[in-house]
J.: 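There's a structure below that I have some questions on.
Basis for what follows: all heavy atoms, side chains included, without hydrogens, waters or symmetry-related copies.
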Amino acid sequence: VKILQKMLQENGRIILIFDEFRAFTSKCGIDGSVLLPCVTTLFESKRYESHTAKKDIRIDNACLSLLAASTTETYQRVFDSHFLAIGFPNRLFLIPGNGQRRFSFPQKIPTDDIIRLRQELQDIVRFATEQKEIGITPEAKAIYHQWYLELPKSVHARRLETYALRFMLLLCCNEKEPTIDAEIADKIIRLMDWQFKVRRQYDPVDADSNIARMEESIRRILAGRNGNGIGKRDLSRAVHANRAGLWIFAQATENLIEAEEIRFEKKTGFRMVN
């Protein structure tokens with residue numbers, strides 16, 4: 001992280017590129033490493049701080065992106081307790097694909113194509129730099145609002161609304177349009193719906209089903225207590241959270257509280273809502 005901090009101080013906009021995603025996940029697993037919380041925080045913020053007895057880390061006004069190729073097996077590594085507890089998986093945008101043998105000797109990219117692509121990219125950057133504000137039409141806002149309200153109650157839908165807003169801005173700049181219209185909003189909504197399906201397809205722990213089962217177990221335990229509360233530790237033991245996973249337990253209780261089926265109080269613990 002110290003190296004990353006230095007790079008961000010020199011240039012506040014960085015894309016971390018890994019040929020293998022495992023290089024990143026392995027570094028995150030090192031004892032005492034703050035790489036994972038740092039990258040996770042910078043997904044939604046431009047600022048990160050970490051202070052310990054041995055070192056201080058402070059990153060301000062930073063824009064960080066992560067791009068990496070990954071096998072399915074490596075991606076499944078981010079579903080352990082360390083990555084799940086901090087919400088890292090739902091900050092990834094997955095693009096599945098398969099490699100194919102096509103060229104034994106790849107040809108050199110024609111110079112004309114390089115010049116054309118460079119010019120197109122420069123035009124987009126120039127537009128984004130000069131365009132101080134991107135508007136949105138009432139029709140586009142209505143499309144996004146309706147989709148936002150109808151997002152599935154699933155862990156795989158987390159932060160899709162954040163991605164939708166960012167992609168609408170990117171597509172606007174890519175097409176050099178000063179306003180997000182209904183067509184752009186519709187394209188991005190369909191992209192987010194596709195991403196939701198991809199997340200569910202590649203979920204190695206079948207999170208939604210496990211969370212649903214945990215929710216039902218919690219309901220049964222609390223329903224049998226005749227309105228009496230139960231502490232978090234005792235409830236965790238009663239539903240065997242150590243087997244299903246503490247993240248599953250935490251998500252299940254959060255969902256039930258949000259749905260106003262149960263409530264939690266420090267003095268009495270968890271109880272059913274009458």
Side-chain angles (χ1 to χ4, degrees), residues 1-71 74-75 77-78 80 82-95 97 106 108-109 111 113-134 158-178 188 195:
V1 176
K2 278 290 187 181
I3 297 176
L4 179 61
Q5 178 185 14
K6 182 179 179 182
M7 294 171 64
L8 286 169
Q9 287 172 345
E10 296 174 353
N11 186 340
R13 299 175 181 177
I14 289 179
I15 300 179
L16 282 180
I17 300 177
F18 293 93
D19 289 336
E20 293 290 343
F21 186 49
R22 185 161 186 171
F24 172 77
T25 59
S26 297
K27 291 181 183 299
C28 290
I30 298 174
D31 289 340
S33 172
V34 295
L35 179 61
L36 179 59
C38 175
V39 173
T40 304
T41 300
L42 291 177
F43 177 85
E44 292 171 314
S45 173
K46 292 185 177 182
R47 187 170 183 272
Y48 175 78
E49 282 191 45
S50 175
H51 301 285
T52 65
K54 295 183 179 180
K55 58 184 177 181
D56 291 326
I57 295 173
R58 177 167 180 164
I59 298 174
D60 291 306
N61 197 29
C63 296
L64 176 68
S65 295
L66 174 66
L67 179 64
S70 173
T71 63
T74 298
Y75 170 66
R77 288 167 61 96
V78 304
D80 72 7
H82 295 90
F83 290 90
L84 287 171
I86 204 169
F88 181 77
N90 54 47
R91 288 169 168 83
L92 298 177
F93 194 87
L94 307 180
I95 304 176
K108 183 179 179 180
I109 300 175
T111 303
D113 290 343
I114 295 176
I115 294 174
R116 176 179 55 81
L117 290 172
R118 183 183 291 122
Q119 184 61 53
E120 290 178 357
L121 182 58
Q122 288 174 344
D123 290 343
I124 292 172
V125 172
R126 186 180 302 108
F127 172 84
T129 303
E130 296 174 354
Q131 194 71 32
K132 300 301 181 182
E133 183 175 314
I134 295 291
R158 297 280 176 87
R159 288 183 172 77
L160 285 183
E161 72 280 4
T162 303
Y163 267 118
L165 292 172
R166 295 182 181 186
F167 272 97
M168 283 194 288
L169 289 172
L170 288 173
L171 187 56
C172 239
C173 292
N174 186 71
E175 298 184 0
K176 295 188 282 293
E177 293 288 345
I188 297 304
Q195 178 64 193

J.: How long is the straight-line distance from CG of Leu66 back to CZ of Phe93, given to the nearest 0.5 Å?
T.: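 If I round to the nearest 0.5 Å, the distance is 14.5 Å.
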J.: Considering only distance and modelled atom types, tabulate donor-acceptor pairs under 3.5 Å from the side chains of residues 7-18, sequence neighbours left out.
T.:
from, atom 1, to, atom 2, distance (Å)
Asn11, OD1, Arg13, N, 3.1

J.: How long is the gap from SG on Cys173 to CD on Gln131, to the nearest 0.5 Å?
T.: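 Between Cys173 SG and Gln131 CD, I get 7.5 Å after rounding to 0.5 Å.
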J.: Sub-3.5 Å donor-acceptor pair from the side chain of Asp113 to the main-chain atoms of Arg116, do we have one?
T.: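 Not at all, since once roles are kept as given, no pair shorter than 3.5 Å links the two residues.
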J.: Would you say Arg159 has more than 12 foreign heavy atoms packed within less than 6.0 Å of its CZ?
T.: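 Enclosed.
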J.: For the residue pair Thr129 and Lys132, what are the closest heavy atoms and their distance?
T.: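 Shortest heavy-atom contact: O-NZ, 3.6 Å.
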J.: Donor-acceptor check, side chain of Ser45 to backbone of Thr41, threshold 3.5 angstrom: yes or no?
T.: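 It does not hold such a pair.
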J.: Could you report the tightest heavy-atom contact between Pro178 and Phe127, atom names first, then the distance?
T.: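 Here Pro178 and Phe127 meet closest at N-CZ, 4.0 Å.
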J.: Regarding Arg166 and the six-membered ring of Phe43, is the cationic atom NZ or CZ under 6.0 Å from the ring centre and inside 45° of its axis?
T.: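 Positive - Arg166 is close enough to the ring of Phe43 and near enough to its axis.
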J.: Would you find more than 12 non-hydrogen atoms of other residues, nucleotides or ligands less than 6.0 Å from Lys176 atom NZ?
T.: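 Yes.
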J.: Side chains of Arg91 and Arg158, heavy atoms from C-beta outward: is any pair under 4.5 Å?
T.: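 Contact flag for Arg91/Arg158 side chains = no.
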J.: Looking at Tyr163 and Asn90, what are the two nearest heavy atoms and their distance?
T.: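 For Tyr163 versus Asn90, the nearest heavy atoms are CE1-O, 4.3 Å.
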J.: Could you check if a side-chain atom of Arg118 sits within less than 4.5 angstrom of a side-chain atom of Ile114, using non-hydrogen atoms only?
T.: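 Sidechains of Ile114 and Arg118: in contact.
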J.: Kindly give the heavy-atom pair with the smallest separation between Asp19 and Ala69, and that separation in Å.
T.: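 Answer, listing the atom of Asp19 first, then Ala69: O-CB, 3.4 Å.
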J.: Applying side chain to side chain contact (heavy atoms under 4.5 Å, CB included), name anything that partners Ser70, two or more places apart in sequence or on another chain.
T.: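 Only Phe21, Thr74, Tyr75 meet the side chain to side chain contact (heavy atoms under 4.5 Å, CB included) criterion with Ser70.
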J.: Look up atom CD in Glu175 and atom CD1 in Ile124, then write down how far apart they are to the nearest 0.5 Å.
T.: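 Glu175 atom CD to Ile124 atom CD1 measures 9.5 Å (nearest 0.5 Å).
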J.: How long is the gap from OG1 on Thr40 to CG on Leu64, to the nearest 0.5 Å?
T.: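 Nearest 0.5 Å value for the OG1-CG distance: 10.0 Å.
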J.: What is the distance from atom CG of Leu4 to atom CD1 of Ile59, rounded to the nearest 0.5 Å?
T.: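 Output value for this atom pair is 5.0 Å.
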J.: Heavy-atom distance under 4.5 Å between the side chains of Cys38 and Ile57, does that happen here?
T.: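 Not touching, per the 4.5 Å side-chain cut-off.
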J.: Rounded to the nearest 0.5 Å, what's the gap from CD1 on Ile188 to CD on Gln195? Could you check?
T.: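 Interatomic distance, Ile188 CD1 to Gln195 CD, rounded to 0.5 Å: 12.0 Å.
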